[in-house]
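Keep in mind that what you see is a predicted model, and the values were worked out from it rather than measured.
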Amino acid sequence: MPELPPPITVVGIGADGWPGLADTSRAALREAEVVIGGPRQLDLLPRDEVAAEQVPWPSPLRPAVPGLLAAHAGRRLAVLASGDPMFFGIGRTLAETVGPERLRVLPHPSSVSYACARLGWPLEATEVVSLVGRPLDALSLALHPGRRLLVLSADAATPAAVAELLTARGYGTARLRVLEQLGAPAERHLDGPADGWPHPPGDPLNVIAVELGDGPRGSLVPGLPDASYESDGQLTKRHVRAATLAALAPSPGELLWDVGGGSGSIAVEWLRAHRDCQAVSVERDHVRAERIARNAAALGVPRLRVVTGPAPAALTGLPTPDAVFIGGGLTAPGLLDSCWDALRPGGRIVANTVTLESEALLAEWYRRHGGELVKLAVAHAVPVGGFTGWRQAMPVTQWSAVKTGTPHDTPQENAS
């Protein structure tokens, strides 16, 4: 059998540096031939204790990992990580690159563990949002009255940016505590309200504790108020949207194609269902496409990918979906066929329409592939003189089906 390469040792290190490391971690660094880490982390190593070649991570980091590991293959390699390497750290990237069996991970208390210890907050009840390499708007999804959050900062400017976003989202009374250099002799805490945050940028190594007071109440389930969206009228309305998301049935890690995005509401609420959900919204109109991106950012899911172009042509090259929603353009030649063919076995497709022509098309696909064909009708109470009556919205025909994995058949093949 070929000799296995030595494992890669991943050593978590805190702001307290070498003195805060366990003996096992110190020994691993002394024995290493190469140590890779961020410049700040490498500066924490004593030169008289660690004789290894020191290699700083390049930027951007993730694309460089395979090449950098390959360049030092066969040598005793250690990688430095901030705190716990497997908690928003380099450990995940390394495991995905070389496989977890190649890693020996020696964790250190994370900044989140330190922060909860300082604050007296239960770790399991505290939501953590990382803004390291992520858009600030990602924080919006976690905003609910009375909640506690820990925000992992990207740099010294993050606390002021978080305070500004909280104020803009109606949480100006939130209390912020910035915990700098946790665990180090230079540890410092800053305190203040979001509205009018009084402190200039401090240490770039910080965690922000947020206590949300009163503010706008959001919902965790599909069917946000229509007013939550910027729209030109091309919007799947609230009650139909809730029924549509129920039929799409999002699950963690799954990818949705939202074809004919309109205002992006289906893709946005798919992403809000779980932080690991993914979505692509395809919209032919560039003004609407820009609006979709704004809606996604405002509602806390800036990770939504927006593709501008007509379907089905714009679907070419997109990753295989677990679910497809078609909200417009059903009669475009080949659209339903392209979506059905792209869908992985076991995936779901849902299509909505209000026109007779598209309804006839959905009836044919229902005949061929089964599933459910339903008509959704919603009426709203409105004033009628001095009384109240019902105003009926246009009924929506919805077809939903699960792909069983059999090859799709054409209408000609089923003709009798």
(message) I'd like to know if the side chain of Arg76 reaches the main chain of Glu31, judged simply by a donor and an acceptor atom lying under 3.5 Å from each other, with no hydrogens or angles considered.
(response) yes
(message) Tell me whether Trp399 contacts the main-chain N or O of Gly370 through its side chain, where contact means a donor paired with an acceptor under 3.5 Å.
(response) yes
(message) Salt bridge or not between Arg75 and Glu53? Use side-chain N to carboxylate O under 4.0 Å.
(response) yes
(request) Measure the shortest side-chain to side-chain distance between Pro122 and Cys116 over non-hydrogen atoms and say whether it is less than 4.5 angstrom. (result) no
(request) Keeping the roles fixed (side chain from Tyr229, backbone from Ile292), state whether a donor-acceptor pair exists under 3.5 Å. (result) no
(request) Rounded to the nearest 0.5 Å, what's the gap from NE2 on His144 to OG on Ser219? Could you check? (result) 8.5 Å
(message) Check this for me: Glu164, atom CD, are more than 12 non-hydrogen atoms of other residues, nucleotides or ligands nearer than 6.0 Å?
(response) no
(message) If we ignore hydrogens and angles and just use 3.5 Å, is the side chain of Arg303 paired with the main-chain N or O of Arg134 as donor and acceptor?
(response) no
(request) On the 0 to 90° scale, with breaks at 30° and 60°, tag the Trp340-Trp365 ring pair as parallel, tilted or perpendicular. (result) perpendicular
(request) Using the salt bridge (charged side-chain N to carboxylate O under 4.0 Å, His left out) rule, take Glu254 and Arg344 through it: C-alpha gap first, then chi angles, then the decisive distance, then the call. (result) CA-CA 11 Å; Glu254 290 189 328; Arg344 70 173 72 251; over 6 Å; no
(request) Enter the distance from Leu190:CG to His199:NE2 here, rounded to the nearest 0.5 Å. (result) 5.0 Å
(message) Within the 4.5 Å heavy-atom criterion, are Asp16 and Tyr114 side-chain neighbours or not?
(response) yes
(message) Checking Leu318 against Val282 for the side-chain contact (heavy atoms from CB on, under 4.5 Å) test, could you report, in this order, the C-alpha distance in whole Å, the side-chain angles of both residues, the deciding distance, and whether it holds?
(response) CA-CA 10 Å; Leu318 295 182; Val282 179; 4.0 Å; yes
(request) Kindly check if the number of other-residue, nucleotide or ligand heavy atoms within 6.0 Å of CD (Glu372) is above 12? (result) no
(message) Could you measure the distance from the CG atom of Leu136 to the CG atom of Leu165? Nearest 0.5 Å is fine.
(response) 4.5 Å
(request) Determine yes or no for a side-chain-to-main-chain donor-acceptor pair under 3.5 angstrom, with Arg272 supplying the side chain and Leu299 the backbone. (result) yes
(request) Report yes if the side chains of Thr173 and Asp195 come closer than 4.5 Å at any heavy-atom pair, otherwise no. (result) no
(message) Within the 4.5 Å heavy-atom criterion, are Ser231 and Asp226 side-chain neighbours or not?
(response) no
(request) Rounded to the nearest 0.5 Å, what's the gap from CD on Gln234 to CZ on Arg288? Could you check? (result) 4.0 Å
(message) Just by distance, no angles: are the side chains of Asn352 and Gln398 close enough, under 3.5 Å, to form a donor-acceptor pair?
(response) yes
(message) Any donor-acceptor pair under 3.5 Å linking the side-chain atoms of Asp155 with those of Thr158?
(response) yes
(message) Under a 3.5 Å distance rule, please check whether Arg348 uses its side chain to pair with a backbone N or O of Leu248 as donor and acceptor.
(response) yes
(message) Looking at Arg175 and Asp191, is any side-chain nitrogen of the basic one under 4.0 Å from a carboxylate oxygen of the acidic one?
(response) yes
(message) Is there a side-chain contact between Ser82 and Arg40 in this structure, where contact means two heavy atoms from C-beta onward sitting under 4.5 Å apart?
(response) yes
(request) Step through the shown structure and confirm whether more than 12 heavy atoms of other residues, nucleotides or ligands are within 6.0 Å of NE2 on His286. (result) no
(request) Inspect the contact between Asp137 and Arg169 and indicate whether a charged nitrogen and a carboxylate oxygen are less than 4.0 angstrom apart. (result) yes
(request) State the OG1-CZ distance between Thr93 and Arg62, to the nearest 0.5 angstrom. (result) 4.0 Å
(message) Whether the side chain of Arg368 engages the backbone of Ala363 through a donor-acceptor N/O pair (distance < 3.5 Å, no angle test) should be reported.
(response) no
(message) Between Thr167 and Trp197, is the side-chain contact (heavy atoms from CB on, under 4.5 Å) condition met? List the steps.
(response) CA-CA 10 Å; Thr167 302; Trp197 175 248; over 6 Å; no
(message) Using the rule given for side-chain contact (heavy atoms from CB on, under 4.5 Å), can you reason through Leu139 versus Leu149, listing the C-alpha separation, both sets of side-chain angles and the distance that settles it, and then say yes or no?
(response) CA-CA 10 Å; Leu139 179 59; Leu149 311 173; 3.9 Å; yes
(message) If we ignore hydrogens and angles and just use 3.5 Å, is the side chain of Arg241 paired with the main-chain N or O of Thr236 as donor and acceptor?
(response) yes
(message) So that I can tick it off, tell me whether Asp285 and Arg291 are bridged by a salt bridge, with the cut-off set at under 4.0 angstrom between side-chain N and carboxylate O.
(response) no
(request) Work out which heavy atom in Glu127 is nearest to a heavy atom in Ala142; give both atom names and the distance. (result) OE2-CB, 3.6 Å
(message) For Arg147, I'd like to know if atom CZ has over 12 heavy atoms of other residues, nucleotides or ligands within 6.0 Å.
(response) no
(message) To the closest 0.5 Å, what do you measure between CD1 (Ile266) and CG (Leu256)?
(response) 8.5 Å
(request) Give a yes-or-no answer on whether the side chains of Ser263 and Asn295 include a donor-acceptor pair shorter than 3.5 Å. (result) no
(request) Please determine, by modelled atom types, if Thr397 and Glu359 share a side-chain donor-acceptor pair under 3.5 angstrom. (result) yes
(request) Determine yes or no for a side-chain-to-main-chain donor-acceptor pair under 3.5 angstrom, with Trp270 supplying the side chain and Leu245 the backbone. (result) no
